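As structure tokens, the structure follows; a few thoughts come after it.
FYI, the numbering just counts along the sequence from 1. Values in this document were obtained by computation on a predicted structure and should not be read as measured data.
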Amino acid sequence: MPEPIKLLISIVERGRGSALMKLYTGRQVFLHCQCPGTGTATSDILNILGLGSSEKDVVLSWAAAGAAERLLTDLDADLRGAAKTTGIVFMLPLTGINNLVASMIQYKTDPVKPEKPEKKGEEKMEQSDSSLILVVCNRGCTDAVMATAKAAGARGGTTIRARWTGIEDLESAYDLSLHAEKEILAIVARSEIRNDLMQAINEHHGLRTESQAMILSMGIDRIVHL
């Protein structure tokens with residue numbers, strides 16, 4: 001039976017995305033998409049933490065579940081230094097994908113050998129209790145949205161520029177005038193604060209405010225900090 005397909009999202013320092021994709025390809029994670037992003041931390045905080053620029057590479061990678069799991073396990077152990085960057089990598093479940101894409105991923109992935117029985121006392125990596133929250137808002141409103149998110153318990157986020165299309169029906173149905181130029185704010189937060197965080201953003205920055213934010217969330221399977 002074919003393995004499920006997972007989505008890996010890697011948010012790393014600008015300029016390290018290409019090297020990371022090469023590293024992933026050597027671990028049977030072959031299919032990638034890279035786009036630029038910007039971290040929300042101020043320059044003062046970055047200097048204190050020694051994290052360099054707020055400019056980020058965001059890499060989306062699709063892989064068979066077994067290959068994705070092994071990659072995250074290795075990134076959390078032997079491969080941590082090989083990544084040569086700071087950042088975060090997390091895995092999301094998919095509910096659907098093109099058959100041809102899934103077949104291509106399965107075809108290039110070596111069969112997984114049966115795992116050895118877990119030894120007594122051996123540590124098993126825990127699943128994530130975090131969620132990915134995506135806030136699509138008008139350009140120029142990200143700082144205000146992030147300030148609200150931090151007040152609700154978020155630690156930081158990454159922004160990606162975007163553009164809404166096909167919004168005419170939505171404008172007509174809800175008597176709205178929507179801006180097409182958008183930014184997507186991606187926030188990884190503990191699941192226990194997810195609802196309060198989303199409610200706070202919607203209350204202060206929802207569709208009928210200046211930010212015109214649309215908010216959604218999804219559970220994260222596993223997460224690794226580089």
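Within the 3.5 Å criterion, the main-chain N or O of Thr159 finds no donor-acceptor partner in the side chain of Thr38. No donor-acceptor pair under 3.5 Å is formed between the side chain of Glu183 and the backbone N or O of Cys141. The backbone N or O of Gly37 lies less than 3.5 Å from a partner atom in the side chain of Arg14, making a donor-acceptor pair. One N or O on the side chain of Gln212 and one on the backbone of Ser177 form a donor-acceptor pair closer than 3.5 Å. The closest donor-acceptor contact from the side chain of Ser191 to the backbone of Asp129 lies under 3.5 Å.
Ser130 meets the side-chain hydrogen bond (donor to acceptor under 3.5 Å, both in side chains) test with no other residue; sequence neighbours excluded.
Taking Ile, Leu, Val, Met, Phe, Trp and Tyr as hydrophobic and joining them when side-chain heavy atoms fall under 4.5 Å apart, one finds Leu100 isolated, its cluster having no other members. Hydrophobic cluster membership of Ile187, counting Ile, Leu, Val, Met, Phe, Trp and Tyr whose side-chain heavy atoms lie under 4.5 Å apart directly or via other members: Ile133, Val135, Val145, Met146, Leu185, Ile193, Leu197, Met198, Ile201, Ile215.
Of all heavy-atom pairs spanning Trp62 and His32, the tightest one is CZ3-C, 4.2 Å. Scanning both residues, Arg208 and Asp175, for their nearest heavy atoms gives NH1-O, 4.2 Å.
With 3.5 Å as the limit, one finds a donor-acceptor pair spanning the side chains of Glu13 and Thr85.
Under a cut-off of 6.0 angstrom, the local environment of CD in Gln106 is crowded, with over 12 non-hydrogen atoms contributed by other residues, nucleotides or ligands. Counting non-hydrogen atoms of other residues, nucleotides and ligands closer than 6.0 Å to CZ of Arg139 gives a total above 12. Residue Gln199 places its CD atom among 12 or fewer non-hydrogen atoms of other residues, nucleotides or ligands, all under 6.0 Å distant.
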